[in-house]
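Note that ligands are numbered from 1 as they come in the structure, with each ligand's atoms numbered from 1 the same way. Hydrogens, waters and symmetry mates play no part in the numbers below; they use all other heavy atoms, side chains included.
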Amino acid sequence: MIRFDALRVAYDDSVALHGLDLEVAEGEFFTLLGPSGCGKTTALRALAGFVQPTSGRVHVDGRDVTDVPSERRGVGMVFQSYALFPSMTVAENIAFGLSVQRVAKAEQRERVDRVADQVGLRPEQLRRGVAELSGGQQQRVAIARALVLRPRILLLDEPLSNLDAKLRVQLRGELQRLQREVGITTVYVTHDQEEALALSDRIAVLSEGRLAQVGTPREVYEQPASAQVCDFVGEATRLTDAQRSVLAGLDGEEDVWVRPEHVRLAVDGGAAAVVRTLAYRGPSTLVGLELAGDPLLAAVPSASAAGLSLGDPVAVGLDADRVHRFGAAR
Ligand SMILES: Nc1ncnc2c1ncn2[C@@H]1O[C@H](COP(=O)(O)OP(=O)(O)OP(=O)(O)O)[C@@H](O)[C@H]1O
Ligand SMILES: [Mg+2]
């Protein structure tokens, strides 16, 4: 459906993408994930036709669109700043692209009503000015405005980042439902790994303009391809040599990384550690341990963390078969 072939984008003084190869399947919810500056927005803009690659090609539906102007690519884009027209009503904002295309008024109304319903805007909200809407409602307008043009591909650049945590999780669920309902191929950009894991069919992890891994959320989280991915997606501690020598079964040359949920507390014959921090997270509690002079994170069910206090000694063990080993960086 979408294919990047050795896509390279250089700006005046820097290279944003160093030859990216990527394929997105029809109907997929595909996420570009990575830290700030890794090239996510650049990749999206190259797909939309807002930035011209230095080299490499972009294919959509088997057609090379690298030199096709943006408006003829069948791509709808929602920007992080919603870029709505503040002086227009909600309905006028959603219909904007249809007016530009000179679609008949009656059909405009019909399509606006339909898409507004899909994104969860109420009919009476359509007549309001966009300035009267909350951030979450404005976000729905921005998505409706893209969808009303019936693009083949929907591009979303950090669409939820301006919203508070609760609303973000709610809209995340709605977005997933909407995408399934409409069946539209979606490329989503975020630097929020939790959001990426929750929403995506597949994730591409980018690092400094390069593809670090592509896979399902489960693959990326449970089988990270590199220490970088392991560190960026989810929490993980890289064990020091001293930590490895007090924990059993960790011989070898490679670096060993461990996720907090694979650290066990109160283990018979475990290594001696001390509780330094406790962060209650509802169902689980993140326990910051000091082991052999360095930190180690453990996540335990809150029920079993209830008895812990700062400074407590605990005996620590690992699920040795769940640790991640990567070629030594040393
Ligand atoms: N118009 C531009 N001119 C020059 N350099 C740019 C331009 N746009 C982006 N860059 C640079 O290209 C690199 C990638 O930027 P990009 O915006 O794609 O990152 P991003 O992953 O979207 O980051 P963020 O999460 O902060 O939005 C960065 O180093 C950035 O400074
Ligand atoms: Mg960006």
*Are Y188 and S200 side-chain neighbours, meaning at least one heavy-atom pair lies under 4.5 Å?*
no
*asked:* Is any side-chain heavy atom of F30 closer than 4.5 Å to one of R202?
replied: yes
*Looking only at atom types and distance, does a side-chain atom of Q176 sit under 3.5 Å from a main-chain N or O of A198, one as donor and one as acceptor?*
yes
*From H324 atom NE2 to H262 atom NE2, the distance as rounded to the nearest 0.5 Å*: 6.5 Å
*asked:* Going by the rule side chain to side chain donor-acceptor pair (under 3.5 Å), which residues pair with T54 if we only count those two or more places apart in sequence or in a different chain?
replied: none
*Identify whether NZ of Lys or CZ of Arg in R238 sits under 6.0 Å from the centre of the six-membered ring of F326 and within 45° of that ring's axis.*
no
*Indicate the atoms forming the closest heavy-atom contact of L126 with D113, along with that distance.*
CD1-OD1, 3.5 Å
Note down each nitrogen or oxygen pair, ligand 1 side and protein side, whose separation is under 3.5 Å; give only atom names and the distance to 0.1 Å.
residue  : atom   : partner : partner atom : Å
ligand 1 : 18 (O) : T42     : N            : 2.9
ligand 1 : 18 (O) : T42     : OG1          : 2.5
ligand 1 : 19 (O) : G39     : N            : 3.4
ligand 1 : 21 (O) : C38     : N            : 3.2
ligand 1 : 21 (O) : G39     : N            : 3.0
ligand 1 : 21 (O) : K40     : N            : 2.9
ligand 1 : 21 (O) : K40     : NZ           : 2.9
ligand 1 : 22 (O) : T41     : N            : 2.9
ligand 1 : 22 (O) : T41     : OG1          : 2.8
ligand 1 : 23 (O) : G37     : N            : 2.8
ligand 1 : 25 (O) : K40     : NZ           : 2.8
ligand 1 : 26 (O) : S36     : OG           : 2.5

*Contacts of the Mg ion (ligand 2) with protein N/O/S atoms, counting only those under 2.8 Å*: T41 OG1
*State plainly whether the residues R127 and E132 are in salt-bridge range, i.e. N to O under 4.0 Å.*
no
_For F85, all residues meeting ring pair (Phe, Tyr, Trp, His ring centres under 6.0 Å), sequence neighbours excluded_ = F96
